[in-house]
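Accompanying notes for the structure given below.
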Protein chains: 2
Amino acid sequence: MKASTDECAHAILEVAPAIMRTIRTEMRRHRTSDLSVPQFRTLAFIDNHEGPSLSDVAGHIGLTLPSMSKIVDGLVARKLITREIASADRRRITLALTSRGQTLLTAARGATKACLAEMLQSLSLTDRTLVINAMETLRLIFLQQPANTAAR
Amino acid sequence: MKASTDECAHAILEVAPAIMRTIRTEMRRHRTSDLSVPQFRTLAFIDNHEGPSLSDVAGHIGLTLPSMSKIVDGLVARKLITREIASADRRRITLALTSRGQTLLTAARGATKACLAEMLQSLSLTDRTLVINAMETLRLIFLQQPANTAAR
DNA sequence: TATTGTTATACTCTATAACTATA
DNA sequence: TATAGTTATAGAGTATAACAATA
């Protein structure tokens, strides 16, 4: 094993899509929450930040403004978040979770995580540590920001 | 660090979507290939297997038959693959790459991998080994099948 | 004039339900 | 009757281009 950057890229390119498909399928199967991955990520970001603007969310999640705007539309329509005009700068909007959104986010996080955790149960402690460390490493590259809290 | 299955799940749930977004964006930016992730995965599967049927591809990639059928439609229209009726069982189809598809797949693989590799260059050899090992571990869980070849 | 967001438009991805053709 | 695929339909995610409102 040379562990070249190329081999590393190859491994990621093969495994990441498979993981995502599992996550997506799992999220949709929980009819109670029924959130798509982008919706989930949007709610999670709003939960972790104080009244972010559309640009804040779009930038951090990595979507264009129109895409994000549409996702926000859906979440507002489902009464999971509120969208208000910022008083300081009326061009900006301020996003926040409703209590319903908060509840749903918590439920979705729990359900999906529980399912993933279930799939990971066959791993040894060593392997789990390995995966967590690798994710921490990749987070620095793909998310530009360190973990902000412990597992929620 | 407890390295519980729950923490492990949490880490994956946070990082995997970010990785995928990078991959998707990158794939779309290479106007020469211009493949979506599902299209890329479909081509790769056909490349790695001998004349698979629609069910083979759909099953392994984790899509329903209609979804897969539509993706195949697009690839056939772009002349990247061929779709022929199997002589043994006329209900089945046999998929194969055209030389154009083969070329495009190779190009897309190279371009995306190169971009990822570039992003991974800041990692130490130790970290790269860590990531590769973690991916190998996760592959067994999310892909049910071991790596079939070395990095291509 | 520059910034923030939304609307219009057009793809692709994805699923479920209903259908056709073959076995 | 069961299996392999396709078609019909619908909704979400995504982008680019054009627009409106505010600074």
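Only heavy atoms go into these numbers, but all of them, side chains included; no hydrogens, no water, no symmetry mates. Residue numbering restarts at 1 for every chain, and letters A, B, ... go by the order of the sequence lines.
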Take atom [atom1] of [X] and atom [atom2] of [N], then tell me their distance rounded to the nearest Å.
| X | N | atom1 | atom2 | value |
| --- | --- | --- | --- | --- |
| B:M68 | D:dT6 | CE | P | 11 Å |
| A:L54 | D:dA21 | CG | C1' | 15 Å |
| A:D89 | C:dG5 | CG | P | 8 Å |
| B:I71 | C:dT14 | CD1 | C1' | 8 Å |
| A:L95 | C:dT4 | CG | P | 14 Å |
| B:D34 | C:dC11 | CG | P | 13 Å |
| B:L65 | C:dT20 | CG | C1' | 14 Å |
| B:E26 | D:dA15 | CD | P | 14 Å |

Any donor-acceptor N or O pair under 3.5 Å, side chains B:T129, B:T126 =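 Side chains of B:T129 and B:T126: no pair found under 3.5 Å.
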ask   = Do B:S36 and B:Q39 get their side chains close enough for a donor-acceptor pair, meaning under 3.5 Å?
value =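 Distance-only check passes for B:S36 and B:Q39.
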key: All salt bridge (Lys or Arg N to Asp or Glu O under 4.0 Å) counterparts of A:R83, not counting sequence neighbours   =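 A:R83 satisfies salt bridge (Lys or Arg N to Asp or Glu O under 4.0 Å) with A:D73 once adjacent residues are dropped.
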Selection from [options] that lies nearest to any side-chain heavy atom of [X]:
| X | options | result |
| --- | --- | --- |
| A:S53 | C:dG5, D:dA12, D:dA23 | C:dG5 |
| A:P66 | D:dT6, D:dA23, D:dT16 | D:dT16 |
| A:T64 | D:dT16, C:dC13, C:dT6 | D:dT16 |

inquiry  = With a 6.0 Å cut-off (strictly less than), is the heavy-atom count around CD of B:Q121, excluding the residue itself, greater than 12?
reply    =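 Atom CD in B:Q121 is packed in, count exceeds 12.
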Ignoring backbone atoms, establish whether [X] has a side-chain N or O less than 4.0 Å from OP1 or OP2 of [N].
| X | N | value |
| --- | --- | --- |
| B:S55 | D:dG5 | yes |
| B:R90 | C:dT22 | yes |
| A:S69 | C:dG5 | no |
| B:S36 | C:dT12 | no |
| A:S67 | D:dG13 | no |

Within one Ile-Leu-Val-Met-Phe-Trp-Tyr cluster: A:M135 and B:L130, side-chain cutoff 4.5 Å =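 A:M135 does not cluster with B:L130.
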ask   = Which residues, if any, of residues 16-24 of chain B bring a heavy atom under 4.0 Å of DNA chain D?
value =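 When residues 16-24 of chain B is checked for heavy atoms under 4.0 Å from DNA chain D, the hits, listed by number, are B:R21, B:R24.
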Kindly say whether [Y] contributes a backbone atom to a donor-acceptor pair with the side chain of [X] at under 3.5 angstrom?
| X | Y | answer |
| --- | --- | --- |
| A:R92 | A:A86 | no |
| B:S67 | B:L63 | no |
| A:T25 | A:R21 | yes |

inquiry  = Taking atom types as they are modelled, would you say the side chain of A:R92 forms a donor-acceptor pair with the base of C:dT4 within the 3.5 Å cutoff?
reply    =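 Check fails, no donor-acceptor contact within cut-off.
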inquiry  = For a quick check, tell me whether the side chain of A:K70 and the base of D:dT14 share a donor-acceptor pair closer than 3.5 Å.
reply    =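 Pair found.
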inquiry  = Assuming nearest nucleotide by heavy-atom distance, tell me which of B:Q39 and B:R91 is located more 5' along DNA chain C.
reply    =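 Of the two residues, B:Q39 wins.
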message = Could you report the tightest heavy-atom contact between A:L120 and B:L138, atom names first, then the distance?
response =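 The answer is CD2-CD2, 4.2 Å.
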key: Passing option when A:L75 is tested against A:L97, A:L104, A:L95, A:L80 for side-chain contact (heavy atoms from CB on, under 4.5 Å)   =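 Exactly one pass, corresponding to A:L80.
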key: Interface with DNA chain C, restricted to residues 74-87 of chain A and to heavy atoms under 4.0 Å   =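 Those residues whose heavy atoms fall under 4.0 Å from DNA chain C, taken from residues 74-87 of chain A in numerical order, are A:R83.
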